[in-house]
Amino acid sequence: MFHAPILPRARKRSRPVEAAVPRREGVKFEDVRLYLVERKMGRSRRSFLTHLARSKGFIVDDVLSDEVTHVVSEDSQASSLWKWLQECVPKNLPNMRVLDISWFTDSMREGRPVAVETRHLIQDTLPEVPTPTSVSTVSQYACQRRTTTENNNKILTDAFEVLAESYEFNELEGPCLAFRRAASVLKSLPRALQRVEETQDLPCLGEHTKAVMEEILQYGHAFEVEKILSDERYQTLKLFTSVFGVGPKTAEKWYRRGLRSFSAALADRSIHLNRMQQSGFLHYGDISRAVSKAEAQALRSIIDEAVHAITSDAVLALTGGFCRGKEFGHDVDFIVTTPELGKEESLLPSLINRLTKQGILLYCDYQASTFDLSKLPSRSFEAMDHFAKCFLILRLKDSQVEGGLHIAEGDSRGWRAVRVDLVSPPMDRFAFALLGWTGSRQFERDLRRFARLERHMLLDNHALYDKTKQEFLTATTEKDIFAHLGLEYIEPCQRNA
Ligand code: CTP
Ligand code: MN
Ligand code: MN
């Protein structure tokens, strides 16, 4: 136990409310927010320890809220403690560290929050919550993991994604992919990781990833990530690539010319913006704003009405992120087709015509089909499939959306611009296109990698080819494709890898 700490003289309280307000002055550790559990500890000891910690620059909250990062308890009855915590907290419990008093005393002795070690942890003994270490069979393939939209390790995965993106800007594919894979593995875990040791049975985590992770678990952030986030080149490339039609290559070109802002790019007369980029700038405010589920539903009704007016047997399916149960997306993705083979060819042009007449088509990039069955199977996966598709910007009115548009307060236009993608495969390719467009990108990558490496098969958005049998495998549903691959079926809402 700890040795005779000197209790600072209680400060005179000028106002009684002060105790409830977290004191800013004297705070040394902004990222650590303690809560001391009174049970077993007792009120007076808790008050004493609270003062002690505050005097050393720690933030100690009187109330347990989602803001708390470290819960400290003297209750050795782990199960009753966890039960109590689960009843009274917060959604954030998976991200909190639940610690034994020994962590607190070590930290007081050191005068700083010490690294959390195994001996400090009060393990959750409730049987229904599996711990990450018990999940010893996490697959290296995202298509063998179930990943919902609930990410229990967001602090870590956000950091990994920054690193991946930075490597992508520097065209270092290997490390970029490594961080994307690591992030994807962590997204599938049922709870927050608390210690690096818990990752020992997890795939796709190398030395570099683990070092970053360890730093974040200890300090709440990692030096390498902070450095990237404050880097001018990273910030500028991030800004430029946020414009519809501007990829990493163009962004790099503008950066090399010394451009650092939109106004500089728009003022530079040597820069020629293509049609897509012009629309990207024109509607920047709207299309850089997330699209809500209600807005996606409204667009579905609009397109559904339009395609059925064109042909009564039209088939429309929502795909992409919204099909995976996301609340928000950067666009809305649809597949449209008709049962009669070949008839789908005229579907998108007719639809575009109709949307134009309705006055809601703000931008359209239509690409006719280049799909050729005789060119299959394709050995190298191409970024784009060969089906007819269009990338649109549509005008969506407030009155069309249940609960209204997802726009900024004070925006009184009554409409917004939304990005919509449509793809139109022949009906016999529907299942492959749906599987390919439902995503996530990481899930797709691993489906193809799994098919190739584990099954000696080639999968893309058009077809599945068995190299051993030298034949195409047919499918009318996504389930058929999973079955051909010998994979357990994974629902779209579990493909958020
Ligand atoms: N896709 C594709 N070919 C393209 C564009 C997209 O196969 N030319 C697939 C991607 O593999 C992805 C899916 O379509 O899985 C949806 O892409 P996108 O809209 O970019 O991503 P979402 O997962 O829908 O994410 P968001 O919600 O941000 O739109
Ligand atoms: Mn999408
Ligand atoms: Mn899309």
Side-chain angles (χ1 to χ4, degrees), residues 142-143 147-149 151 157-158 161 165 168 177 180 183-184 187 241-248 276 279-280 286-297 299-300 303 317-337 348 363-371 378 380-394 396 406 417-425 429-451 458-464 478 481 490-497:
C143 55
T147 316
T148 64
T149 51
N151 178 359
T157 59
D158 281 354
E161 273 154 18
E165 196 161 33
E168 189 171 32
L177 193 59
R180 292 242 156 89
S184 178
K187 282 183 190 171
T241 54
S242 74
V243 179
F244 177 51
V246 180
M276 193 183 246
S279 297
D286 275 347
I287 60 185
S288 61
R289 197 179 175 87
V291 183
S292 71
K293 213 180 220 175
E295 289 170 332
Q297 278 310 331
L299 285 158
R300 185 192 197 142
I303 291 169
L318 180 69
T319 179
F322 286 109
C323 176
R324 303 196 307 273
K326 279 175 64 175
E327 290 295 326
F328 292 96
H330 97 283
D331 67 357
V332 193
D333 307 279
F334 296 100
I335 300 186
V336 294
T337 187
L348 287 184
Y363 171 84
C364 172
D365 173 11
Y366 170 70
Q367 298 175 1
S369 169
T370 53
F371 178 62
S378 155
S380 63
F381 181 79
E382 291 151 78
M384 290 260 189
D385 57 53
H386 295 272
F387 303 129
K389 58 174 77 66
C390 58
F391 307 106
L392 310 178
I393 300 178
L394 295 185
L396 184 62
H406 178 242
V418 185
R419 278 269 301 109
V420 172
D421 288 342
L422 288 150
V423 61
S424 182
R429 305 288 126 197
F430 182 83
F432 298 102
L434 182 61
L435 182 61
W437 278 70
T438 296
S440 69
R441 259 164 228 275
Q442 201 56 40
F443 192 88
E444 300 302 322
R445 277 191 197 113
D446 279 1
L447 266 177
R448 297 189 295 264
R449 193 162 62 98
F450 178 87
L458 295 171
L459 173 71
D460 62 15
N461 289 4
H462 314 102
L464 177 63
E478 291 183 317
I481 306 171
I490 309 276
E491 299 284 350
C493 65
Q494 295 175 325
R495 298 181 202 162
N496 289 284

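Whatever order the structure lists ligands and atoms in, that order sets their numbers, starting from 1. These numbers were taken from a predicted model, which means no experiment stands behind them.
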From Arg419 atom CZ to Ile287 atom CD1, the distance as rounded to the nearest 0.5 Å: 7.0 Å
In ligand 1, which numbered atoms sit nearer than 4.0 Å to a non-hydrogen atom of Lys326? 25 (O), 26 (P), 27 (O), 28 (O)
Heavy atoms only: which of Asp460, Val423, Asn496, Asp333 lies closest to atom 19 (O) of ligand 1? Asp333
Centroid separation under 6.0 Å, is that true for the rings of Phe391 and Phe244? no
Residue selection (non-hydrogen contact nearest atom 23 (O) of ligand 1) among Arg324, Arg441, Lys389: Arg324
Closer than 2.8 Å to the Mn ion (ligand 3) - protein N, O or S atoms, ordered by chain and residue number: Asp331 OD2, Asp333 OD1, Asp421 OD2
Closer than 4.0 Å to some heavy atom of Asn461 - which atoms of ligand 1 meet that? 7 (O)
Counting both backbone and side chain atoms, is some N or O of Gly320 under 3.5 Å from an N or O of ligand 1? no
Contact atoms of ligand 1, heavy-atom distance to Asp331 under 4.0 Å: 19 (O), 29 (O)
Verdict with reasoning, Arg289 to Asp286, per salt bridge (Lys or Arg N to Asp or Glu O under 4.0 Å): CA-CA 5 Å; Arg289 197 179 175 87; Asp286 275 347; over 6 Å; no
Using a 3.5 Å cut-off and no angle test, enumerate the donor-acceptor pairs between side-chain atoms of residues 432-445 and protein atoms at least two apart in sequence or in another chain.
| from | atom 1 | to | atom 2 | distance (Å) |
| --- | --- | --- | --- | --- |
| Trp437 | NE1 | Asp385 | OD2 | 2.8 |
| Thr438 | OG1 | Thr319 | OG1 | 3.1 |
| Thr438 | OG1 | Leu434 | O | 2.7 |
| Ser440 | OG | Phe443 | N | 3.3 |
| Ser440 | OG | Arg495 | O | 3.4 |
| Ser440 | OG | Ala497 | N | 3.4 |
| Ser440 | OG | Ala497 | O | 2.6 |
| Gln442 | OE1 | Arg445 | NH1 | 2.6 |
| Glu444 | OE2 | Gly439 | N | 3.0 |

Ligand 1 to Met384, heavy atom cutoff 4.0 Å, flagged ligand atoms 8 (N)
Per-atom filter on ligand 1: closer than 4.0 angstrom to a heavy atom of Gly439 are 15 (O)
